[in-house]
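Only one structure is covered here, and it is reproduced in the block below.
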Amino acid sequence: MDCFSLSRLHTYIRRVISVNFPESIWVRAEIFNVVQKSGHYYIELGEKSNTDEIIAQSSAILWKSQAESISQQLQSSLSSILKAGNEIMFKANVDFHVRYGLKLQVLELNKEFTFGLIALNKQKVIQDLKNEGLWQLNKSLQLPKTIQRIALITSETSAAFADFTDQLLQNRFAYKFKLHSFNVAVQGQLSSKNFVKTFQAIEKNSSSYDIVVIIRGGGSKHDLSDFDQYEISKAVSICSLPVITGIGHQTDVSITDHSAFLSLKTPTAVAEFIIQHTTDAEALAIHCMNEINQWAQWQCNRLNQNLQGLSSNIKLQSSQRISNEHRKIYKTQQNYLNAATGVLLSLKEKQHFLQLLFSMNDPVSILGKGYSISTIDGKALHKLNNLAPGQELTTVYQSGILKSKITDVWENEK
(Lines give C-alpha, C1' and ligand atoms only; values in the text may rest on other atoms or scores of the structure.)
Protein backbone atom coordinates (compact mmCIF):
# COMPACT_ATOMS: atom_id res chain seq x y z
CA MET A 1 0.00 0.00 0.00
CA ASP A 2 1.49 3.33 -1.09
CA CYS A 3 0.67 5.96 1.52
CA PHE A 4 1.40 9.68 1.19
CA SER A 5 2.26 11.96 4.04
CA LEU A 6 0.49 15.28 3.77
CA SER A 7 3.72 17.18 3.01
CA ARG A 8 4.78 14.63 0.40
CA LEU A 9 1.39 14.88 -1.23
CA HIS A 10 1.64 18.66 -1.37
CA THR A 11 5.13 18.44 -2.85
CA TYR A 12 3.98 16.01 -5.49
CA ILE A 13 0.96 18.11 -6.42
CA ARG A 14 3.03 21.27 -6.67
CA ARG A 15 5.22 19.50 -9.17
CA VAL A 16 2.37 18.55 -11.46
CA ILE A 17 0.54 21.85 -10.78
CA SER A 18 -2.85 20.37 -11.38
CA VAL A 19 -3.77 16.76 -11.44
CA ASN A 20 -6.83 14.58 -11.28
CA PHE A 21 -6.01 11.32 -9.55
CA PRO A 22 -7.60 8.44 -11.41
CA GLU A 23 -7.76 6.45 -8.17
CA SER A 24 -8.13 7.22 -4.48
CA ILE A 25 -4.97 7.34 -2.34
CA TRP A 26 -4.04 6.65 1.29
CA VAL A 27 -3.08 9.65 3.40
CA ARG A 28 -1.68 9.88 6.94
CA ALA A 29 -2.16 13.09 8.91
CA GLU A 30 -2.91 14.60 12.32
CA ILE A 31 -6.32 16.07 13.04
CA PHE A 32 -6.11 19.76 14.00
CA ASN A 33 -9.83 20.44 14.25
CA VAL A 34 -13.19 18.78 13.53
CA VAL A 35 -16.59 20.32 12.99
CA GLN A 36 -19.64 18.04 12.74
CA LYS A 37 -22.67 19.46 11.00
CA SER A 38 -25.78 17.63 9.83
CA GLY A 39 -23.92 14.34 10.08
CA HIS A 40 -21.01 15.56 7.93
CA TYR A 41 -17.46 15.91 9.31
CA TYR A 42 -15.36 18.91 8.23
CA ILE A 43 -11.80 18.13 9.18
CA GLU A 44 -8.67 20.28 9.33
CA LEU A 45 -5.56 18.13 8.84
CA GLY A 46 -1.89 18.90 9.27
CA GLU A 47 1.60 17.56 9.66
CA LYS A 48 4.21 18.72 12.16
CA SER A 49 7.97 18.50 12.24
CA ASN A 50 9.96 17.04 15.13
CA THR A 51 9.96 20.53 16.64
CA ASP A 52 6.15 20.75 16.42
CA GLU A 53 6.31 23.21 13.52
CA ILE A 54 3.42 22.87 11.06
CA ILE A 55 4.90 21.89 7.70
CA ALA A 56 1.69 20.99 5.86
CA GLN A 57 -2.03 21.62 6.25
CA SER A 58 -5.15 20.72 4.35
CA SER A 59 -8.92 20.26 4.62
CA ALA A 60 -10.96 17.09 4.30
CA ILE A 61 -14.63 16.22 4.35
CA LEU A 62 -16.41 13.05 5.36
CA TRP A 63 -19.94 12.96 4.07
CA LYS A 64 -22.72 11.65 6.31
CA SER A 65 -23.47 8.53 4.24
CA GLN A 66 -19.80 7.57 4.14
CA ALA A 67 -19.43 8.30 7.88
CA GLU A 68 -22.24 5.87 8.73
CA SER A 69 -20.62 3.18 6.59
CA ILE A 70 -17.20 3.68 8.20
CA SER A 71 -18.72 3.69 11.72
CA GLN A 72 -20.39 0.31 11.04
CA GLN A 73 -17.16 -1.07 9.61
CA LEU A 74 -15.09 0.00 12.63
CA GLN A 75 -17.90 -0.82 15.08
CA SER A 76 -17.10 2.42 16.81
CA SER A 77 -18.37 5.97 17.11
CA LEU A 78 -16.44 8.29 14.76
CA SER A 79 -16.66 11.12 17.26
CA SER A 80 -14.18 9.24 19.49
CA ILE A 81 -11.76 8.82 16.57
CA LEU A 82 -12.13 12.06 14.67
CA LYS A 83 -11.01 14.52 17.31
CA ALA A 84 -8.16 16.99 17.63
CA GLY A 85 -4.82 15.47 18.43
CA ASN A 86 -5.51 12.02 16.93
CA GLU A 87 -3.50 10.76 13.97
CA ILE A 88 -5.38 8.88 11.27
CA MET A 89 -4.69 7.02 8.04
CA PHE A 90 -7.49 7.32 5.54
CA LYS A 91 -8.33 6.60 1.95
CA ALA A 92 -9.48 9.65 0.05
CA ASN A 93 -10.27 11.09 -3.32
CA VAL A 94 -8.01 14.04 -4.07
CA ASP A 95 -9.21 17.27 -5.62
CA PHE A 96 -6.73 20.06 -6.23
CA HIS A 97 -7.54 23.51 -7.48
CA VAL A 98 -4.96 26.19 -8.12
CA ARG A 99 -7.09 28.80 -6.37
CA TYR A 100 -8.81 26.80 -3.64
CA GLY A 101 -6.00 24.38 -2.93
CA LEU A 102 -6.10 20.72 -1.93
CA LYS A 103 -9.29 19.08 -0.78
CA LEU A 104 -9.68 15.49 0.35
CA GLN A 105 -12.86 13.45 0.41
CA VAL A 106 -12.55 10.73 3.06
CA LEU A 107 -13.70 7.31 1.87
CA GLU A 108 -12.28 4.86 4.42
CA LEU A 109 -10.28 4.74 7.64
CA ASN A 110 -7.49 2.24 8.17
CA LYS A 111 -8.66 0.13 11.11
CA GLU A 112 -5.30 -1.48 11.87
CA PHE A 113 -3.49 1.87 11.89
CA THR A 114 -6.12 3.49 14.13
CA PHE A 115 -6.18 0.72 16.69
CA GLY A 116 -2.41 0.26 16.45
CA LEU A 117 -1.89 3.86 17.50
CA ILE A 118 -4.26 3.28 20.41
CA ALA A 119 -2.14 0.33 21.56
CA LEU A 120 1.10 2.32 21.22
CA ASN A 121 -0.40 5.23 23.14
CA LYS A 122 -1.50 2.87 25.92
CA GLN A 123 2.01 1.48 26.26
CA LYS A 124 3.46 4.99 26.41
CA VAL A 125 0.99 6.14 29.07
CA ILE A 126 1.65 3.02 31.16
CA GLN A 127 5.39 3.53 30.92
CA ASP A 128 5.06 7.22 31.89
CA LEU A 129 3.03 6.24 34.97
CA LYS A 130 5.62 3.62 35.90
CA ASN A 131 8.47 6.10 35.49
CA GLU A 132 6.73 8.49 37.88
CA GLY A 133 6.01 5.74 40.42
CA LEU A 134 2.24 6.13 39.97
CA TRP A 135 1.41 2.87 38.21
CA GLN A 136 -1.50 1.11 39.99
CA LEU A 137 -0.85 3.16 43.12
CA ASN A 138 -4.56 3.09 43.96
CA LYS A 139 -4.45 -0.70 44.32
CA SER A 140 -2.30 -0.33 47.44
CA LEU A 141 -5.25 1.18 49.34
CA GLN A 142 -7.74 -0.79 51.40
CA LEU A 143 -11.49 -0.83 51.12
CA PRO A 144 -13.29 0.39 54.25
CA LYS A 145 -15.11 -2.29 56.24
CA THR A 146 -18.42 -0.82 55.12
CA ILE A 147 -19.20 1.24 52.03
CA GLN A 148 -21.99 3.78 52.46
CA ARG A 149 -20.78 7.13 51.08
CA ILE A 150 -20.06 6.97 47.36
CA ALA A 151 -18.66 9.64 45.03
CA LEU A 152 -20.06 8.68 41.60
CA ILE A 153 -18.50 9.98 38.37
CA THR A 154 -20.77 9.45 35.37
CA SER A 155 -23.17 11.09 32.98
CA GLU A 156 -26.43 11.54 34.88
CA THR A 157 -28.42 11.23 31.66
CA SER A 158 -26.94 7.86 30.71
CA ALA A 159 -28.53 4.44 31.02
CA ALA A 160 -25.49 3.39 33.03
CA PHE A 161 -26.40 5.91 35.74
CA ALA A 162 -29.99 4.67 35.84
CA ASP A 163 -28.93 1.01 35.96
CA PHE A 164 -26.37 1.60 38.70
CA THR A 165 -28.59 3.70 40.97
CA ASP A 166 -31.55 1.38 40.55
CA GLN A 167 -29.46 -1.70 41.31
CA LEU A 168 -27.76 -0.07 44.31
CA LEU A 169 -30.54 1.91 45.95
CA GLN A 170 -33.31 -0.63 45.38
CA ASN A 171 -31.29 -3.54 46.77
CA ARG A 172 -33.14 -6.50 48.28
CA PHE A 173 -31.48 -6.01 51.68
CA ALA A 174 -32.77 -2.43 52.03
CA TYR A 175 -29.24 -1.15 52.67
CA LYS A 176 -29.01 2.64 52.66
CA PHE A 177 -26.28 4.37 50.64
CA LYS A 178 -25.37 8.04 50.38
CA LEU A 179 -24.69 8.80 46.72
CA HIS A 180 -23.04 12.03 45.54
CA SER A 181 -23.10 12.19 41.76
CA PHE A 182 -20.58 14.23 39.73
CA ASN A 183 -22.01 14.79 36.29
CA VAL A 184 -19.20 14.26 33.74
CA ALA A 185 -19.48 13.37 30.06
CA VAL A 186 -17.97 9.90 29.92
CA GLN A 187 -19.27 8.99 26.47
CA GLY A 188 -17.81 10.36 23.26
CA GLN A 189 -15.64 13.45 23.76
CA LEU A 190 -14.37 12.84 27.28
CA SER A 191 -12.56 15.89 28.63
CA SER A 192 -9.56 14.93 30.71
CA LYS A 193 -9.54 18.47 32.13
CA ASN A 194 -13.08 18.13 33.50
CA PHE A 195 -12.28 14.65 34.76
CA VAL A 196 -9.23 15.86 36.69
CA LYS A 197 -11.20 18.80 38.14
CA THR A 198 -13.83 16.34 39.37
CA PHE A 199 -11.19 14.27 41.17
CA GLN A 200 -9.72 17.44 42.69
CA ALA A 201 -13.17 18.37 44.02
CA ILE A 202 -13.54 14.89 45.53
CA GLU A 203 -10.08 15.09 47.14
CA LYS A 204 -10.95 18.40 48.83
CA ASN A 205 -13.81 16.67 50.61
CA SER A 206 -12.39 13.14 50.72
CA SER A 207 -13.44 12.60 54.35
CA SER A 208 -17.07 12.64 53.17
CA TYR A 209 -16.67 9.58 50.95
CA ASP A 210 -15.70 5.93 51.32
CA ILE A 211 -14.95 5.17 47.66
CA VAL A 212 -15.06 6.67 44.17
CA VAL A 213 -17.01 4.93 41.40
CA ILE A 214 -16.62 5.58 37.66
CA ILE A 215 -19.27 4.09 35.37
CA ARG A 216 -20.38 4.33 31.75
CA GLY A 217 -22.22 2.19 29.28
CA GLY A 218 -20.77 -0.28 26.82
CA GLY A 219 -18.80 0.62 23.74
CA SER A 220 -16.20 -0.52 21.28
CA LYS A 221 -12.47 -0.58 21.84
CA HIS A 222 -11.97 2.84 20.33
CA ASP A 223 -14.95 4.32 22.17
CA LEU A 224 -13.12 3.53 25.41
CA SER A 225 -9.76 4.94 24.32
CA ASP A 226 -10.53 8.18 26.20
CA PHE A 227 -9.96 6.23 29.40
CA ASP A 228 -6.41 5.57 28.21
CA GLN A 229 -5.50 9.23 28.59
CA TYR A 230 -2.57 9.98 30.86
CA GLU A 231 -4.29 12.72 32.90
CA ILE A 232 -7.33 10.56 33.67
CA SER A 233 -5.26 7.51 34.59
CA LYS A 234 -2.99 9.61 36.80
CA ALA A 235 -5.98 11.17 38.61
CA VAL A 236 -7.27 7.65 39.38
CA SER A 237 -3.84 6.40 40.49
CA ILE A 238 -3.16 9.20 42.97
CA CYS A 239 -6.68 9.32 44.42
CA SER A 240 -6.60 8.88 48.20
CA LEU A 241 -9.83 6.84 48.07
CA PRO A 242 -10.26 3.39 46.48
CA VAL A 243 -11.59 3.78 42.92
CA ILE A 244 -13.90 1.17 41.38
CA THR A 245 -14.63 1.30 37.66
CA GLY A 246 -17.58 -0.10 35.77
CA ILE A 247 -16.67 1.08 32.28
CA GLY A 248 -18.73 -1.14 30.03
CA HIS A 249 -16.59 -2.94 27.47
CA GLN A 250 -16.21 -6.25 25.76
CA THR A 251 -12.72 -7.67 26.19
CA ASP A 252 -10.38 -4.69 26.22
CA VAL A 253 -9.38 -3.06 29.52
CA SER A 254 -8.48 0.63 29.66
CA ILE A 255 -5.54 2.13 31.54
CA THR A 256 -8.07 3.72 33.89
CA ASP A 257 -9.31 0.20 34.69
CA HIS A 258 -5.75 -0.94 35.34
CA SER A 259 -5.09 2.11 37.55
CA ALA A 260 -8.21 1.68 39.66
CA PHE A 261 -8.40 -0.29 42.89
CA LEU A 262 -10.91 -2.63 41.24
CA SER A 263 -12.26 -2.93 37.69
CA LEU A 264 -15.59 -4.58 36.91
CA LYS A 265 -17.30 -5.14 33.57
CA THR A 266 -20.51 -3.17 34.00
CA PRO A 267 -22.12 -0.53 36.21
CA THR A 268 -24.54 -3.11 37.60
CA ALA A 269 -21.58 -5.34 38.49
CA VAL A 270 -20.16 -2.46 40.54
CA ALA A 271 -23.48 -2.02 42.34
CA GLU A 272 -23.63 -5.76 43.07
CA PHE A 273 -20.06 -5.70 44.38
CA ILE A 274 -20.88 -2.85 46.80
CA ILE A 275 -24.01 -4.66 47.97
CA GLN A 276 -22.09 -7.92 48.43
CA HIS A 277 -19.31 -6.08 50.29
CA THR A 278 -21.96 -4.64 52.62
CA THR A 279 -23.50 -8.09 53.04
CA ASP A 280 -20.09 -9.52 53.94
CA ALA A 281 -19.55 -6.68 56.42
CA GLU A 282 -22.94 -7.35 57.98
CA ALA A 283 -22.21 -11.08 58.19
CA LEU A 284 -18.85 -10.32 59.80
CA ALA A 285 -20.51 -7.94 62.27
CA ILE A 286 -23.11 -10.57 63.15
CA HIS A 287 -20.38 -13.20 63.53
CA CYS A 288 -18.37 -10.88 65.77
CA MET A 289 -21.47 -10.06 67.80
CA ASN A 290 -22.18 -13.77 68.27
CA GLU A 291 -18.57 -14.35 69.25
CA ILE A 292 -18.78 -11.50 71.75
CA ASN A 293 -22.05 -12.86 73.15
CA GLN A 294 -20.56 -16.34 73.51
CA TRP A 295 -17.44 -14.94 75.13
CA ALA A 296 -19.53 -12.76 77.45
CA GLN A 297 -21.71 -15.76 78.39
CA TRP A 298 -18.63 -17.85 79.05
CA GLN A 299 -17.17 -15.07 81.18
CA CYS A 300 -20.44 -14.70 83.10
CA ASN A 301 -20.58 -18.44 83.74
CA ARG A 302 -16.95 -18.47 84.81
CA LEU A 303 -17.45 -15.49 87.11
CA ASN A 304 -20.61 -17.04 88.57
CA GLN A 305 -18.67 -20.20 89.33
CA ASN A 306 -15.93 -18.12 90.89
CA LEU A 307 -18.50 -16.20 92.93
CA GLN A 308 -20.10 -19.41 94.12
CA GLY A 309 -16.70 -20.75 95.10
CA LEU A 310 -15.86 -17.49 96.86
CA SER A 311 -19.22 -17.53 98.63
CA SER A 312 -18.61 -21.09 99.86
CA ASN A 313 -15.10 -20.19 100.95
CA ILE A 314 -16.35 -17.07 102.72
CA LYS A 315 -19.00 -19.08 104.57
CA LEU A 316 -16.50 -21.75 105.54
CA GLN A 317 -13.83 -19.26 106.55
CA SER A 318 -16.40 -17.15 108.40
CA SER A 319 -17.59 -20.19 110.37
CA GLN A 320 -14.02 -21.16 111.19
CA ARG A 321 -13.17 -17.58 112.11
CA ILE A 322 -16.21 -17.29 114.37
CA SER A 323 -15.33 -20.59 116.08
CA ASN A 324 -11.74 -19.43 116.56
CA GLU A 325 -12.93 -16.12 117.96
CA HIS A 326 -15.34 -17.91 120.29
CA ARG A 327 -12.48 -20.05 121.55
CA LYS A 328 -10.30 -16.99 122.00
CA ILE A 329 -13.07 -15.18 123.88
CA TYR A 330 -13.67 -18.22 126.13
CA LYS A 331 -9.96 -18.55 126.78
CA THR A 332 -9.71 -14.85 127.53
CA GLN A 333 -12.67 -15.11 129.89
CA GLN A 334 -11.02 -18.05 131.68
CA ASN A 335 -7.76 -16.14 131.91
CA TYR A 336 -9.52 -13.12 133.33
CA LEU A 337 -11.49 -15.34 135.72
CA ASN A 338 -8.36 -17.14 136.87
CA ALA A 339 -6.54 -13.84 137.26
CA ALA A 340 -9.43 -12.35 139.23
CA THR A 341 -9.60 -15.45 141.43
CA GLY A 342 -5.86 -15.20 142.12
CA VAL A 343 -6.18 -11.52 142.92
CA LEU A 344 -9.08 -12.20 145.32
CA LEU A 345 -7.11 -14.94 147.07
CA SER A 346 -4.12 -12.68 147.34
CA LEU A 347 -6.26 -9.88 148.73
CA LYS A 348 -7.85 -12.27 151.23
CA GLU A 349 -4.41 -13.39 152.38
CA LYS A 350 -3.31 -9.78 152.74
CA GLN A 351 -6.51 -8.98 154.61
CA HIS A 352 -5.94 -11.89 156.98
CA PHE A 353 -2.35 -10.81 157.49
CA LEU A 354 -3.38 -7.22 158.16
CA GLN A 355 -6.09 -8.36 160.55
CA LEU A 356 -3.54 -10.45 162.35
CA LEU A 357 -1.09 -7.55 162.32
CA PHE A 358 -3.75 -5.17 163.58
CA SER A 359 -4.71 -7.64 166.25
CA MET A 360 -1.09 -7.99 167.38
CA ASN A 361 -0.62 -4.22 167.51
CA ASP A 362 -3.91 -3.51 169.22
CA PRO A 363 -3.05 -1.37 172.36
CA VAL A 364 -5.44 -3.43 174.42
CA SER A 365 -3.55 -6.60 173.50
CA ILE A 366 -0.21 -4.90 174.16
CA LEU A 367 -1.38 -3.60 177.56
CA GLY A 368 -2.71 -7.08 178.41
CA LYS A 369 0.80 -8.41 178.01
CA GLY A 370 2.07 -6.15 180.80
CA TYR A 371 3.18 -3.20 178.72
CA SER A 372 2.20 0.42 179.46
CA ILE A 373 1.93 3.59 177.41
CA SER A 374 3.38 6.85 178.69
CA THR A 375 2.28 10.24 177.40
CA ILE A 376 3.24 13.84 178.15
CA ASP A 377 0.65 16.45 177.32
CA GLY A 378 -1.41 13.76 175.47
CA LYS A 379 1.47 12.75 173.22
CA ALA A 380 2.95 9.25 173.30
CA LEU A 381 6.43 9.15 174.74
CA HIS A 382 8.87 7.34 172.45
CA LYS A 383 12.20 9.02 173.30
CA LEU A 384 13.68 10.69 176.31
CA ASN A 385 14.76 13.72 174.38
CA ASN A 386 13.49 17.03 175.59
CA LEU A 387 12.27 15.58 178.94
CA ALA A 388 12.90 17.59 182.01
CA PRO A 389 12.32 17.06 185.69
CA GLY A 390 9.04 18.35 186.96
CA GLN A 391 7.05 17.45 183.84
CA GLU A 392 3.85 15.47 184.47
CA LEU A 393 3.90 11.96 183.02
CA THR A 394 0.69 9.95 182.37
CA THR A 395 1.14 6.18 182.21
CA VAL A 396 -1.67 3.92 180.98
CA TYR A 397 -1.91 0.35 182.25
CA GLN A 398 -4.46 -2.31 181.42
CA SER A 399 -5.95 -1.86 184.83
CA GLY A 400 -5.81 1.96 185.04
CA ILE A 401 -3.88 5.25 184.64
CA LEU A 402 -0.96 6.48 186.76
CA LYS A 403 0.09 10.14 186.90
CA SER A 404 3.56 11.05 188.13
CA LYS A 405 6.19 13.80 187.96
CA ILE A 406 9.66 13.37 186.49
CA THR A 407 12.32 13.88 189.04
CA ASP A 408 15.27 12.81 186.97
CA VAL A 409 16.07 11.42 183.45
CA TRP A 410 18.73 8.83 182.69
CA GLU A 411 19.53 7.78 179.16
CA ASN A 412 20.87 4.33 178.35
CA GLU A 413 24.59 4.10 178.22
CA LYS A 414 25.91 3.24 174.78
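Side chains are part of it too, since the values below use all heavy atoms of this structure and drop only hydrogens, waters and symmetry mates. This chain uses plain numbering: 1 for the first residue, then up along the sequence.
- A heavy-atom distance below 4.5 Å is found between the side chains of Val236 and Ile214.
- Expressed to the nearest 0.5 Å, how far CG of Asp228 lies from NZ of Lys124 amounts to 13.0 Å.
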Exercise. Begin from the C-alpha positions of Leu45 and Ile31 and carry the test side-chain contact (heavy atoms from CB on, under 4.5 Å) through to its verdict.
Key: CA-CA 5 Å; Leu45 300 168; Ile31 298 175; 4.1 Å; yes
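- Residue Phe173 qualifies as enclosed at atom CZ: its count of foreign heavy atoms under 6.0 Å is above 12.
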Practice prompt. Give the intermediate values and the outcome of side-chain contact (heavy atoms from CB on, under 4.5 Å) for residues His287 and Glu291.
Written response: CA-CA 6 Å; His287 174 73; Glu291 289 288 323; 3.5 Å; yes
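- Interatomic distance, Ile150 CD1 to Leu179 CG, rounded to the nearest 0.5 Å: 5.5 Å.
- No side-chain heavy atom of Ser233 sits less than 4.5 Å from a side-chain heavy atom of Ile126.
- In Gln142, the CD atom is not crowded: 12 or fewer heavy atoms of neighbouring residues, nucleotides or ligands sit closer than 6.0 Å.
- Defined by atom type and a distance below 3.5 Å, a donor-acceptor pair is missing between the side-chain atoms of Gln305 and Asn301.
- Relative ring orientation between Trp135 and His258 is described as tilted, the plane-to-plane angle lying within the 30° to 60° band.
- The closest donor-acceptor contact from the side chain of His277 to the backbone of Lys145 lies under 3.5 Å.
- Rounding to the nearest 0.5 angstrom, the gap separating the CD atom in Gln229 from the OG1 atom in Thr256 is 8.5 Å.
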Margin query: Between Thr332 and Asn335, is the side-chain hydrogen bond (donor to acceptor under 3.5 Å, both in side chains) condition met? List the steps.
Written below: CA-CA 5 Å; Thr332 302; Asn335 290 337; 5.3 Å; no
Q.
Does Leu152 form a side-chain contact (heavy atoms from CB on, under 4.5 Å) with Ile215? I'd like the steps, not just the answer.
A. CA-CA 8 Å; Leu152 176 63; Ile215 58 171; 3.8 Å; yes
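- Here the side chain of Gln66 pairs a donor or acceptor atom with the backbone of Leu107 at under 3.5 angstrom.
- In plain terms, the two heavy atoms of Asp257 and Lys139 that are nearest each other are O-NZ, 4.4 Å.
- With a 4.5 Å cut-off on side-chain heavy atoms, Phe90 and Ile43 do not count as touching.
- With hydrogens and angles disregarded, a donor-acceptor distance shorter than 3.5 Å links the side chain of Asn138 to the backbone of Cys239.
- Within 6.0 Å of NZ on Lys64 lie no more than 12 heavy atoms contributed by other residues, nucleotides or ligands.
- A cation-pi arrangement, defined by a distance under 6.0 Å to the six-membered ring centre and an angle within 45 degrees of its axis, is present between Arg302 and Trp298.
- Contact detail for Val125 and Tyr230: the closest heavy-atom pair is CG1-CA, 3.7 Å.
- Remark: side-chain polar atoms of Ser237 are paired, donor with acceptor, to backbone N or O of Leu134 under 3.5 angstrom.
- Listed for the Thr341 side chain is a donor-acceptor partner under 3.5 Å among the backbone atoms of Leu337.
- Counting only N and O atoms by type, the side chains of Ser59 and Glu44 include a donor and acceptor under 3.5 Å apart.
- Judged purely by atom type and a 3.5 angstrom limit, Glu203 uses its side chain to pair as donor or acceptor with the backbone of Ser240.
- Taking the side chain as every heavy atom from C-beta outward, Val106 and Tyr41 never approach each other to under 4.5 Å.
- Note: Ile70 CD1 to Leu109 CG = 4.5 Å, rounded to the nearest 0.5 Å.
- Between Glu47 atom CD and Phe32 atom CZ the span is 9.0 Å, to the nearest 0.5 Å.
- Taking both residues in full, the closest heavy atoms of Asn183 and Ser155 are given as OD1-CA, 3.5 Å, listed atom of the first, atom of the second, then distance.
- A side-chain donor-acceptor contact under 3.5 Å links Asp210 to the backbone of Arg149.
- Here the side chain of Ser312 pairs a donor or acceptor atom with the backbone of Gln308 at under 3.5 angstrom.
- For the pair Ile255/Leu129, a side-chain contact is recorded, criterion being any heavy-atom separation below 4.5 Å from C-beta on.
- The shortest distance between side-chain heavy atoms of Val94 and Leu104 falls below 4.5 Å.
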Audit row: Leu262, Leu143, side-chain contact (heavy atoms from CB on, under 4.5 Å) steps and yes/no = CA-CA 10 Å; Leu262 178 65; Leu143 282 177; 5.7 Å; no
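- Contact detail for Leu168 and Asn171: the closest heavy-atom pair is O-ND2, 2.7 Å.
- Lys348 is not listed as a side-chain neighbour of His352, based on a closest heavy-atom distance of 4.5 Å or more.
- Here Phe199 pairs with Phe195 under the ring-ring contact (aromatic ring centres under 6.0 Å, His included) rule; sequence neighbours left out.
- Contact annotation: the side chain of Ile202 approaches that of Ile153 to within less than 4.5 Å [non-hydrogen atoms, C-beta and beyond].
- Heavy-atom minimum distance, Ile274 versus Phe177: CG2-CE2, 3.6 Å.
- In terms of modelled atom types and a separation under 3.5 Å, the side chain of Arg28 and the main chain of Glu87 share no donor-acceptor contact.
- Although no hydrogens or angles enter the test, the distance criterion places a donor-acceptor pair under 3.5 Å between the side chain of Thr198 and the main chain of Asn194.
- Using a 3.5 Å distance cut-off with no hydrogens or angles, the side chains of Asp280 and Gln276 do pair a donor with an acceptor.
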- Task: For Gln320 and Asn324, run side-chain hydrogen bond (donor to acceptor under 3.5 Å, both in side chains): C-alpha distance rounded to whole Å, both residues' side-chain angles, the deciding distance at 0.1 Å, then the answer.
- Result: CA-CA 6 Å; Gln320 292 176 348; Asn324 291 336; over 6 Å; no
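- The CD1 atom of Ile275 sits 12.5 Å away from the CD atom of Glu282 when rounded to the nearest 0.5 Å.
- In plain terms, the two heavy atoms of Thr165 and Ala162 that are nearest each other are OG1-O, 3.2 Å.
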